[in-house]
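Below is one structure; the comments refer to it alone.
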Amino acid sequence: MHLVSIDIPTLALCRGLLLMLLSALLWFSMRYDRDVSGPGFWALGFALNGLAILTFLFDQPYLVPILNLTNHLATGLACCALLFGFWRFNLQPPQWGVLGVIAILPLIGLLISNDLGRNALLRVLFTASAQLVFYLALLQLLLKPFRAEIGQLFGWLRVLITLFLVFFAWQYGQIGARYLELQVDTPNVLYSGIFGIVSLMFTLTFAIACIALQLVRISAGFADSAMTDWLTGLLNRRGLSMLAEQDDARRHRDDSTSAVICFDIDHFKLVNDRFGHPAGDQVLKMLGSVIRSNIRGHDIAARQGGEEFSVVLVGGDESQAIQVAERIRQDFSTRSLSLGLALEEKLTVSAGVVQVVRDRTILQALDAADIALYAAKRAGRNRVVAASSLASASGR
Ligand SMILES: Nc1nc2c(ncn2[C@@H]2O[C@H](COP(=O)(O)OP(=O)(O)OP(=O)(O)O)[C@@H](O)[C@H]2O)c(=O)[nH]1
């Protein structure tokens, strides 16, 4: 009994064309992305997938060998491109062995089925095995999102793939049973039709999920650049305020400390006046890189504007901050020589240091560090002054 009548070529046409369309959309989205390699491979993968499916539209006997070859080659390469795209997207190294298996299994299936001439089922089973390897590799890859924003989408994709794998196992389990000439009593046309529709829905949802992943990454990139200083790559004032708030909440929760340092390049105006703004920019970039190389990964570094930089030593105290500030001060004056500016003296920085006391915020501590910084300037520059030393001096 036929409950529904499903026209396989029409289904193939819809699926092939929709995949091409989604591939074009992914291609288009790459205009807004700095790292285009991941989505570029997805676009290629979906286009190849579409091409493989469109081969089902033709049924002229003389075309069968070339269509079979195209279908198998395109299916294997499509899975490789999609997987490779996920590796690139997730900033992980590709596993070439897995790609090799996925690309070669469908071709082996094609060769064996032609040589043995038994029937087309063997060929289908080899292609399905390659796809199974692809889905399993993908499931494993989706366990490790490279940034928090995409974690939820990765979770949804895992659920989608797992559900599809159930259908996949059911369909190809039946084909395998037929190949082994086991007795399976199923209305195959209807079931293949249902599998065709499920497979269509899955592939389209999968392609749309890739577009969504790409959009989330693009918007996360925009958010990052709104918080980043264009010249040094450190945080800007906005980024600093956001992370400072997070650190305030953490200290409140853990009842722990942090320390802040403010830096200002001494007589920086002279550099601009004598060597021009581009040379001044070089000096600012260098201080940014000196700071970055002297703090730990979870510390916060920002260029607040002009030649003023600040650092939050997360979980640090005043004595650690003095050490770090001293290290940066010395490193900066040594490395400034490498810029080759014809200055009579080395370039130097002054710094103000303060420990963030209980019930105060990082932004309040930065104001106190600024006062210490200007005390360092008044005392002759090229030195580190702790806010606590000012308080004890004024208390005396
Ligand atoms: N090249 C460059 N210069 C900048 C930038 N932002 C601010 N400046 C310059 O930084 C200089 C700051 O000068 P001042 O505030 O007078 O300070 P200073 O010359 O460093 O003197 P002291 O801080 O008292 O040691 C000005 O000349 C600004 O034009 C920037 O993004 N690039």
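These numbers were taken from a predicted model, which means no experiment stands behind them. When a ligand or atom number is given, it counts from 1 through the structure's own listing order.
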Greater than 12 external heavy atoms within 6.0 Å of Q152's CD: no
Neighbour count >12 (heavy atoms, 6.0 Å) for atom CD1, I66: no
Ligand 1 atoms in contact with [X] (distance to a heavy atom under 4.0 Å):
X	answer
G280	1 (N)
D266	25 (O)
I265	20 (O), 23 (O), 25 (O)
K269	13 (O), 16 (O), 18 (P), 19 (O), 20 (O), 27 (O)
L284	2 (C), 30 (C), 31 (O), 32 (N)
R381	22 (P), 24 (O), 25 (O)

Nearest protein heavy atom to [atom], by residue and atom, and its distance?
atom	result
atom 6 (N) of ligand 1	G306 CA, 3.2 Å
atom 22 (P) of ligand 1	K377 NZ, 3.4 Å
atom 28 (C) of ligand 1	N272 ND2, 4.1 Å
atom 12 (C) of ligand 1	E307 CD, 3.7 Å

Should [X] and [Y] count as an ion pair when the cut-off is N to O under 4.0 Å?
X	Y	answer
D331	R327	no
R360	D248	no
R251	D247	yes

Just let me know how [X] lines up against ligand 1, side chain, backbone, both or neither, with a heavy-atom cut-off below 4.0 Å.
X	answer
D281	both
V283	neither
R303	side chain

F268 N/O to ligand 1 N/O under 3.5 Å: yes
Aromatic ring pairing F86/F154, orientation class (parallel under 30°, perpendicular over 60°, tilted between): tilted
Aromatic ring pairing F167/W170, orientation class (parallel under 30°, perpendicular over 60°, tilted between): perpendicular
Stepwise side chain to side chain donor-acceptor pair (under 3.5 Å) check, D266 with S350: CA-CA 7 Å; D266 299 326; S350 300; 2.7 Å; yes
Derivation and outcome, side chain to side chain donor-acceptor pair (under 3.5 Å), residues T257 and D317: CA-CA 6 Å; T257 60; D317 58 22; 5.9 Å; no
